[in-house]
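This report refers to the structure that appears directly beneath it.
Only a predicted model underlies this, so the values are computations on that prediction, with no experimental measurement involved. Hydrogens, waters and symmetry mates are skipped; everything else that's a heavy atom, side chains included, is used. Count residues from 1 along the sequence.
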Amino acid sequence: MTGIAWGGYQDYFTGEWDGRTHLDEGQVKASGDTIWHGRMVPYVIPSRNYLEYFKKKVIRRVIDAGVTSIFLEEPEYWCEAGYGEAFKKEWEEYYGTPWRPQHESPEATYLSSRLKYHLYYRALEEVTGFAKEYGRSKGFDVKCYVPTHSLINYTQWRIVSPEASIASIPSIDGYIAQVWTGTARVPNRYEGVIRERTFETAFLEYGCMRSMTAPTGRRVWFLTDPIEDRARDWEDFSDNYHATFTAQLMYPDIADYEVMPWPARIYERPYPRSSTDATLVGIPSEYAAMVQIMTGALRDMPATRDLIPGDPGISVLMANSLMFQRFPANNGDIVEFMDDFFGLVMPLLKRGIPVGITHIENLSTPRAFDGVKVLLMTYADMKPLDPASHSYLAEWVRGGGLLLYAGRDDDPFQGVSEWWNSGECHFKAPSDHLLGLLGLPEAAPEGLYSVGKGKVLIMRKNPREYVTSSGAGEGLIEAVVRLNGALPEPKNYLRLSRGPYEIIAVLDESVSAEPYHLQGLYIDLYDPSLPVVKDRYISPGKQGFFYDITRAGKAPRVLAGASRAYDERKRGRTFTFIARGPEGMPGDCRVLLPSKPVSVTVGGVESQASYSWDEDSSTCLIRLKNAAEGVQVMMNW
């Protein structure tokens with residue numbers, strides 16, 4: 001794994017590579033300052049010369065060493081950059097016109113970002129194509145993946161990246177979805193209130209990454225991180241980790257995970273104890289145990305085709321061009337908080353409706369509309385990069401799809417020099433081209449239209465109007481009901497079953513302030529003491545993760561633990577396993593047995609103080625400290 005926009009490539013920038021310094025190939029702001037990732041490591045303009053260096057000095061070297069999986073992390077171009085001489089040269093080559101400062105007009109902003117998008121698309125295409133070809137020459141089947149933030153987050157953070165278009169590169173095998181507290185806690189607006197909504201944002205980010213890969217058959221790993229890049233306190237880390245972890249589990253067809261990007265900074269770096277106690281301490285034992293329990297559960301997390309109950313098949317259309325309208329902020333804080341995107345999703349999500357994401361770049365794939373019954377879209381915050389996507393949308397509607405188009409088409413980017421207003425096309429707005437394919441007049445007024453077997457509802461409001469004031473979201477709900485006929489009964493939670501696991505998120509700012517009441521026989525996996533619970537109340541704004549003991553079967557097994565169980569064996573009335581985990585950290589685990597044990601030996605020592613029995617669940621809680629080499633556990637009954 002290595003960065004493609006940054007990395008330990010000082011030999012290229014200092015001239016060791018080809019006798020010429022290349023610090024001028026850093027991303028440069030209007031002030032003339034380079035954006036740095038580290039000492040002598042700028043964020044890179046991926047010039048053709050840089051790509052030759054990268055292929056020969058980085059890719060060839062690791063393949064020669066026997067590496068067969070390559071992860072090219074974070075292809076990122078900052079929106080505020082775009083002023084250096086190297087970028088001006090790329091502009092003139094790509095557009096065939098003199099460079100234009102991006103801050104001078106919306107069109108220059110748009111064109112600058114589109115070029116940045118092209119440069120990293122080209123970089124990934126060339127580098128991964130080379131890796132595949134060179135690997136074959138060595139007898140290797142090299143796999144190439146891209147760890148990347150979501151389109152939502154890159155748009156929020158003012159970064160341009162190829163995102164969904166990467167799936168069209170044949171030499172890319174998949175992604176890591178880099179979603180964690182740091183990305184998901186970016187504030188957004190709902191009911192006129194700007195604040196962090198970590199669970200909701202993470203849910204949408206993971207959905208965004210899933211929809212980049214699902215129609216293409218590529219592989220994706222979901223990432224979570226028990227801490228984040230910016231120093232916070234342990235209580236803050238814990239609360240937000242629960243939110244992002246729960247959000248990733250809400251996508252049952254994904255069961256591949258990156259669980260700890262940097263274990264050393266989790267287990268070896270001190271942070272403040274809480275928001276009211278600035279004492280720097282290492283990871284609290286309770287939090288360490290909880291992290292280990294949670295990540296351990298992912299080993300057994302089944303992938304299924306199930307949906308969140310009550311999913312009505314509503315999706316929101318997204319395009320990479322969301323990133324093109326970000327700098328400068330031509331629409332003020334409307335752009336800053338992505339109000340036009342969140343205006344289409346938050347009123348629904350806050351009513352317990354799991355809104356999906358559909359990428360316009362994937363519409364040509366056979367599975368692009370799988371599960372989509374209602375598609376919401378706007379061109380207030382994005383634009384279609386080619387006319388072909390409209391043909392696929394029109395075909396889907398005629399076949400029975402329900403399309404809601406919301407927008408006044410009055411933002412300053414409607415008139416940028418693009419395909420819809422050049423050549424044979426003479427449309428004021430890209431939506432007019434789509435309306436024509438649907439058999440509707442240009443700038444069609446608000447109303448409900450029948451198109452083939454489907455329907456189109458045009459709402460002449462920008463989606464931001466559904467989140468910028470209290471109660472405004474009802475307008476979107478009414479529009480969707482008008483188009484769809486009905487919606488599921490609103491609720492203040494999302495709940496999903498995956499094998500023996502129950503995943504629950506209770507929403508605040510929702511239709512009710514009542515807690516969710518879970519009843520049954522469960523292990524609470526968000527409690528490091530692994531208690532057996534028969535009922536649990538989960539408050540709005542909180543999440544729950546439970547193991548349903550009634551689905552565990554009868555055979556002895558470790559159901560959950562802060563240690564990882566290896567070599568589980570039953571011989572007669574004896575059950576043994578090896579518990580392994582981070583040295584010195586809690587390793588408690590809960591074990592299913594046919595009956596109460598008569599003896600429990602942990603690390604060769606028998607002690608009744610090392611375990612407790614729960615008769616109702618027929619489970620035994622074993623208390624132990626983890627050891628890297630493992631601890632032998634033997635139970636007799």
Side-chain angles (χ1 to χ4, degrees), residues 1-78 80-94 99 115-138 140 142-148 159-162 166 169 171-172 176 229 261-262 264-265:
M1 183 182 289
T2 188
I4 191 168
W6 45 263
Y9 314 135
Q10 287 87 348
D11 58 334
Y12 177 74
F13 297 109
T14 59
E16 295 176 45
W17 162 248
D18 59 3
R20 213 162 38 87
T21 60
H22 296 285
L23 288 171
D24 61 327
E25 293 181 27
Q27 298 177 22
V28 177
K29 298 186 287 186
S31 63
D33 295 330
T34 297
I35 302 177
W36 298 93
H37 190 272
R39 179 172 170 76
M40 298 300 288
V41 180
Y43 276 91
V44 182
I45 297 172
S47 67
R48 295 189 185 279
N49 191 59
Y50 170 77
L51 296 182
E52 284 304 305
Y53 160 84
F54 201 91
K55 289 185 283 189
K56 294 175 181 177
K57 190 66 184 292
V58 180
I59 301 300
R60 181 181 291 174
R61 185 172 58 146
V62 298
I63 293 176
D64 286 344
V67 169
T68 57
S69 291
I70 296 174
F71 294 78
L72 300 175
E73 188 176 6
E74 296 178 349
E76 298 173 345
Y77 209 124
W78 289 90
E80 63 180 321
Y83 293 89
E85 293 302 316
F87 184 76
K88 294 176 184 179
K89 181 180 177 181
E90 293 286 356
W91 178 296
E92 292 172 1
E93 179 182 326
Y94 186 66
W99 169 79
L115 172 57
K116 296 166 187 175
Y117 162 87
H118 159 75
L119 290 175
Y120 270 107
Y121 182 93
R122 181 183 74 182
L124 289 171
E125 186 175 42
E126 287 194 18
V127 169
T128 58
F130 173 82
K132 293 279 190 180
E133 183 178 354
Y134 187 69
R136 283 192 291 269
S137 75
K138 295 285 186 176
F140 299 146
V142 174
K143 301 294 185 184
C144 296
Y145 305 96
V146 180
T148 178
I159 295 173
V160 177
S161 187
I166 297 173
I169 300 175
S171 47
I172 298 290
I176 295 177
D229 295 351
W262 297 281
R265 75 173 188 174

Pairwise side-chain contact, Met40 with Leu23, heavy-atom cut-off 4.5 Å (strictly under): yes
Min side-chain heavy-atom separation Tyr77-Leu119 under 4.5 Å: yes
Test item: Thr68 and Lys143 side chains (from C-beta on) under 4.5 Å apart, heavy atoms: no
Side chains of Tyr43 and Thr34 in contact at under 4.5 Å (non-hydrogen atoms): no
Non-hydrogen atoms of Trp78 and Lys116 that approach each other most closely: O-NZ, 3.3 Å
Donor-acceptor pair, side chain of Ser161 and main chain of Pro75, under 3.5 angstrom: yes
Minimal non-hydrogen separation, Pro162 against Tyr121, with atom names: CG-N, 3.4 Å
Electrostatic pair Lys88:Glu85 at N-O distance under 4.0 angstrom: yes
Derivation and outcome, side chain to side chain contact (heavy atoms under 4.5 Å, CB included), residues Val44 and Phe13: CA-CA 10 Å; Val44 182; Phe13 297 109; 3.6 Å; yes
Tyr12 side chain near Lys57 side chain, heavy-atom distance below 4.5 Å: no
Heavy-atom closest pair, residues Ala86 and Ile45: CB-CD1, 3.8 Å
Side-chain (Trp99) to main-chain (Gly82) donor-acceptor, under 3.5 angstrom: yes
Mutual orientation of the aromatic rings belonging to Trp6 and His37 [parallel < 30°, tilted 30-60°, perpendicular > 60°]: parallel
Side-chain (Lys55) to main-chain (Arg60) donor-acceptor, under 3.5 angstrom: no
Flag side-chain contact, heavy atom, 4.5 Å: Val160 against His118: no
Ring centers of His22, Tyr50 separated by less than 6.0 Å: no
Working for side-chain hydrogen bond (donor to acceptor under 3.5 Å, both in side chains), residues Asp18 and Tyr53: CA-CA 9 Å; Asp18 59 3; Tyr53 160 84; over 6 Å; no
Phe54 ring center near Phe130 ring center (under 6.0 Å): no
Point-to-point distance, once rounded to the nearest 0.5 Å, from CD of Gln27 to CD1 of Ile35: 6.0 Å
Residues Arg122 and Glu90 bridged, charged N to O under 4.0 Å: yes
Side chain to side chain contact (heavy atoms under 4.5 Å, CB included) assessment of Tyr120 paired with Ile4: CA-CA 9 Å; Tyr120 270 107; Ile4 191 168; 4.2 Å; yes
Nearest heavy-atom neighbours spanning Ala131 and Ile59: CB-CG2, 3.7 Å
Other residues, nucleotides, ligands: >12 heavy atoms within 6.0 Å of Glu92 CD: yes
